[in-house]
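The structure appears below as structure tokens.
For reference, positions follow the sequence shown, starting with 1.
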Amino acid sequence: MNIQVNTDHNIEGSAELNSYIESNLTACFERFTEAITRIEVHISDKNGKKSVGADKHCLLEARVANHQPVVVSHDAETVYKAIDMASDKLLRALDSMAGKMTNHKSPKDLIVEESVETDEDDI
């Protein structure tokens, strides 16, 4: 699983931030390492130098083999909180996707048993 981190010009892409992201995402998505080819992390600050409310934005895009990408985002007061909450959302989305793939049967696959009518004379 490859992790690619992108920041806008208002967020400093430090080695500490990259290390935090890599260790956090690797631990969170350990059971999906065979299915996920890449996770793209996009971090931005909506208000620039102004620090007002939940202005840190984290968008996570998981590239799942043989499927459409799964994209989630979260806004928070800090970059770290935005990353944590977005990774929680992505984990729930991937769990849901995996559950649908393993437990879901399409209506075409359902076998409907015909009801057997009994004659009252047979009873």
Side-chain angles (χ1 to χ4, degrees):
M1 175 174 61
N2 185 19
I3 298 173
Q4 180 180 357
V5 179
N6 302 299
T7 60
D8 73 353
H9 60 279
N10 294 315
I11 303 289
E12 182 181 335
S14 66
E16 176 188 340
L17 179 62
N18 287 343
S19 175
Y20 176 79
I21 292 170
E22 196 162 318
S23 64
N24 184 8
L25 295 183
T26 301
C28 278
F29 303 106
E30 182 177 0
R31 66 176 183 233
F32 295 108
T33 54
E34 296 297 319
I36 297 174
T37 58
R38 180 176 71 211
I39 296 179
E40 291 186 29
V41 182
H42 300 273
I43 303 169
S44 60
D45 187 342
K46 292 182 176 182
N47 296 332
K49 293 185 180 187
K50 297 180 215 170
S51 178
V52 181
D55 64 339
K56 307 302 186 270
H57 180 76
C58 178
L59 181 134
L60 297 177
E61 179 179 347
R63 301 291 179 122
V64 182
N66 302 320
H67 294 283
Q68 293 292 324
V70 179
V71 180
V72 298
S73 66
H74 190 79
D75 296 335
E77 296 81 25
T78 67
V79 171
Y80 295 101
K81 187 169 184 171
I83 293 165
D84 291 342
M85 297 307 292
S87 64
D88 287 345
K89 286 182 181 181
L90 183 58
L91 186 60
R92 285 193 308 270
L94 291 172
D95 279 338
S96 175
M97 183 176 163
K100 288 178 184 177
M101 289 176 8
T102 57
N103 296 329
H104 183 68
K105 290 185 176 181
S106 69
K108 292 184 277 183
D109 294 335
L110 293 178
I111 299 172
V112 179
E113 294 181 14
E114 294 182 22
S115 62
V116 177
E117 293 183 26
T118 59
D119 263 346
E120 289 182 23
D121 295 337
D122 292 340
I123 299 180

From CZ (Arg38) to CD (Glu61), nearest 0.5 Å | 7.0 Å
Check Glu77 against Lys56 and note the closest heavy-atom contact, atom names and distance.
-> O-CG, 3.5 Å
What's the verdict on side-chain contact (heavy atoms from CB on, under 4.5 Å) for Cys58 and Val41, showing C-alpha distance, side-chain angles and the deciding distance?
-> CA-CA 7 Å; Cys58 178; Val41 182; 4.2 Å; yes
Reported OG-to-CG distance for the pair Ser73 and Leu90, which is rounded to 0.5 angstrom | 11.0 Å
Which one of Val5, Leu17, Thr78, Asp88 satisfies the side chain to side chain contact (heavy atoms under 4.5 Å, CB included) criterion with Ile83?
-> Leu17
Shared hydrophobic cluster, Leu91 / Met97 (ILVMFWY, side-chain heavy atoms < 4.5 Å) = yes
Donor-acceptor pair, side chain of Asp8 and main chain of Asp45, under 3.5 angstrom = yes
Tightest non-hydrogen contact, residues Val72 and Ala86, listed as CG2-O, 3.4 Å
What residue among Thr7, Leu60, Asn6 forms side chain to side chain contact (heavy atoms under 4.5 Å, CB included) with Ile43?
-> Thr7
From Ile21 CD1 over to Glu16 CD, what is the distance, rounded to the nearest 0.5 angstrom?
-> 10.5 Å
Hydrophobic cluster membership, Ile39 vs Val71, 4.5 Å side-chain cutoff = no
Out of curiosity, does Met85 fall in the hydrophobic cluster containing Val70 (side-chain heavy atoms, cut-off under 4.5 Å, transitive links)?
-> no
Please name the pair of heavy atoms, one in Val79 and one in Ile11, separated by the smallest distance, quoted to 0.1 Å.
-> CG2-CD1, 3.9 Å
I'd like a table of donor-acceptor pairs (distance under 3.5 Å, sequence neighbours excluded) in which one partner is a side-chain atom from residues 24-37, with atom names and distances.
from  : atom 1 : to    : atom 2 : distance (Å)
Asn24 : ND2    : Asp84 : OD1    : 2.9
Thr26 : OG1    : Glu22 : O      : 2.6
Arg31 : NH2    : Asp95 : OD1    : 2.2
Arg31 : NH2    : Asp95 : OD2    : 2.8
Thr33 : OG1    : Glu30 : O      : 3.1
Thr37 : OG1    : Arg63 : O      : 3.1

Shortest non-hydrogen contact from Ala76 toward His74 | CB-CD2, 4.1 Å
Taking atom NZ of Lys81 as the centre, does the number of heavy atoms from other residues, nucleotides or ligands within less than 6.0 Å exceed 12?
-> no
